[in-house]
Amino acid sequence: MLAPDILLAAVLNGLMTGAVYALVAVGLTLVYGVLHIINFAHGAILSAAMFAAYFASLAGVDPYIALIGLAPLFFAAGYAAQRLIISPASHGDDQNVLLVTLGLSIVIENVLLTAFHSDTRSIDVPYGFASVDLGFAFLPLPRVVAFAVACVVSAALWIGLHHTDTGKAIRAVAKERYGATLVGIDVAHVYAVTFGIGAACLAIAACLLLPSYYVNPRVGEAYVLVAFTVVVFGGMGSVPGALIGGLMIGVIESLTGLFFGESLGQLGIFVLFIVMLLLRPTGLFGARA
Amino acid sequence: MPDAALLEVDGLAAGYGASAILQGIDLHVAAGETVAVLGSNGVGKTTLNKVLSGILRPRAGSIRFNGRSLEHAAPSKIVEMGLVHVPEGRRIFPDMSVDENLVLGSYRRAKANRAANRERVMAIFPRLAERCRQPAGTLSGGEQQMLAIGRGLMAEPRFLILDEPSLGLSPLLVEEMFMLIRRLGAEGLTILLVEQNVVQSLALAAHAHVLENGRIVLSGKGEELMSDPRLQKSYLGM
């Protein structure tokens with residue numbers, strides 16, 4: 001029988017990981033909710049963001065400081081990618097958007113491969129192995145920071161979506177594009193802002209991951225696979241679903257790891273994912289299709 | 001025709017793909033006037049509204065609003081100029097509250113007067129005030145129509161297109177809706193009323209046009225058309 005404090009520590013660890021899953025998933029679900037397509041470039045953008053944070057770190061900028069610059073930079077890049085590449089290349093057809101993002105992901109990934117090869121790299125930060133003592137458990141400091149920042153970013157996103165005109169416009173376009181056009185919302189702008197927010201969330205996630213994780217051109221894919229599970233689990237297009245789903249998936253992964261061994265941690269995610277699809281295909285917060 | 005036309009549509013043609021819907025539409029609306037466009041389903045009424053609000057590009061002809069050409073203007077620009085379209089089927093934001101729907105009505109225009117305009121809309125539609133925090137999708141059909149019009153008024157329109165505002169409402173609410181349109185017209189708002197409800201629309205429109213197969217087949221003053229034998233034959237079953 002496991003001691004309750006080990007169980008509690010595993011749950012806390014899961015929440016820490018889950019917060020970053022949530023951050024990666026929130027961009028994916030937001031883009032799905034507004035544009036009604038899966039952004040296949042999500043993983044590649046995360047890889048790119050991790051490389052950006054990696055090189056910032058080599059240049060002497062701590063990832064947590066780099067975050068302040070990389071988030072707006074990736075917002076702008078996401079905005080521009082939607083406005084200048086994805087939208088023109090898809091000729092107004094939603095299905096083409098999907099293919100264009102797939103194409104974009106291949107391009108980004110191969111550019112990263114060409115430039116940096118498939119080597120796995122990591123950085124050394126003084127606090128890399130520091131931990132926070134809770135009395136009954138030690139939590140790695142980078143994970144605690146990641147959790148805190150992910151919570152703040154999620155809260156900011158929530159407030160932005162509900163209490164600013166732009167946020168309301170994003171929600172309006174998600175549910176009623178025609179009505180939104182008629183009140184004067186520039187739908188193309190809202191699409192681009194949504195893409196930008198998704199990319200900015202990835203830049204933040206990248207900076208939070210880097211101190212305790214590695215980077216290579218395909219690192220984003222692994223995260224996005226989990227994030228996609230989170231999105232379906234929480235309900236496609238639901239921001240609260242992605243946040244709560246992310247935390248839950250993190251805990252499930254951690255508990256599966258505790259009971260069945262670390263290497264089987266992700267098994268729990270996918271078993272639960274299949275059970276969810278069978279019992280409640282719309283996800284936790286999903287609306288009827 | 002009054003010479004100070006706010007909206008001037010000349011020789012307008014529009015369609016989708018291979019099908020031509022509208023042909024040779026001429027339509028002039030003077031400031032402060034209520035003009036009705038009448039016709040049954042599928043004659044091109046909604047297509048006309050889509051062209052006027054920039055959703056669909058015209059194939060030929062010109063649209064001038066307040067002296068400015070609209071043929072290439074983006075929908076958001078058109079709203080900014082004060083031409084606001086309350087669409088058929090309401091198109092409100094179902095999972096957002098009544099208040100949020102109204103806020104978005106002033107997304108592009110009259111932002112500074114948002115609070116005052118909200119008060120005004122709530123005074124016109126007290127039922128919306130009672131439900132201001134409720135998700136718009138939970139409102140009844142009549143209330144949703146009120147919300148759609150209220151959302152349109154939040155932009156302080158200079159020109160309001162109402163597409164089938166009486167569609168799907170109970171007879172009592174239809175009555176209420178036409179009273180409201182009359183009231184808005186009396187307050188000086190320029191209205192393009194696009195309706196199937198011929199009698200009620202003619203009763204309050206200064207001018208009316210009957211649309212058939214994408215063309216205007218009959219035009220005249222409201223009360224004149226009411227007694228026009230052609231109109232009586234095809235729409236009033238007399």
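Each chain gets a letter, A, B and so on, in the order its sequence line appears, and its residues count up from 1. Basis for what follows: all heavy atoms, side chains included, without hydrogens, waters or symmetry-related copies.
- You'll find the side chain of A:Val183 stays beyond 4.5 Å of the side chain of B:Met154, heavy atoms only.
- Scanning both residues, A:Arg171 and B:Glu100, for their nearest heavy atoms gives NH1-OE2, 2.9 Å.
- B:Ser76 approaches A:Gly184 most closely through the heavy-atom pair CB-O, 3.2 Å.
- Considering only heavy-atom pairs separated by less than 4.5 Å from chain A, the leading option among B:Val103, B:Val84, B:Asp95, B:Val86 is B:Asp95.
- Ion pairing between a basic and an acidic side chain is recognised when a charged N comes within 4.0 Å of a carboxylate O; B:Arg108 and A:Asp165 show no such pairing.
- No side-chain heavy atom of A:Glu176 sits under 4.5 Å from any side-chain heavy atom of B:Met96.
- B:Arg68 CZ: 12 or fewer foreign heavy atoms inside a 6.0 Å radius.
- A cation-pi contact, defined as under 6.0 Å to the ring centre and within 45° of the axis, is absent between A:Lys168 and B:Phe93.
- Annotation: B:Glu187, atom CD; neighbour count of heavy atoms from other residues, nucleotides and ligands within 6.0 Å is above 12.
- With a 4.5 angstrom heavy-atom cutoff, A:Ala174 does not touch chain B via any of its atoms.
- Other residues, nucleotides and ligands contribute at most 12 non-hydrogen atoms within 6.0 Å of the CG atom of B:Asn213.
- You'll find the side chain of A:Leu182 stays beyond 4.5 Å of the side chain of B:Pro75, heavy atoms only.
- Listed options B:Gly105, B:Pro87, B:Pro94 were ranked by heavy-atom pairs under 4.5 angstrom with chain A; first place goes to B:Pro87.
- Within 6.0 Å of CZ on B:Arg133 lie no more than 12 heavy atoms contributed by other residues, nucleotides or ligands.
- Taking NZ of B:Lys77 as the start and CG of A:Asp186 as the end, the distance is 9.0 Å to the nearest 0.5 Å.
- Proximity to chain A is limited to the backbone of B:Ile92, based on heavy atoms less than 4.5 angstrom apart.
- Going from atom OH of A:Tyr178 over to atom NE2 of B:His85 covers 4.5 Å, rounded to the nearest 0.5 Å.
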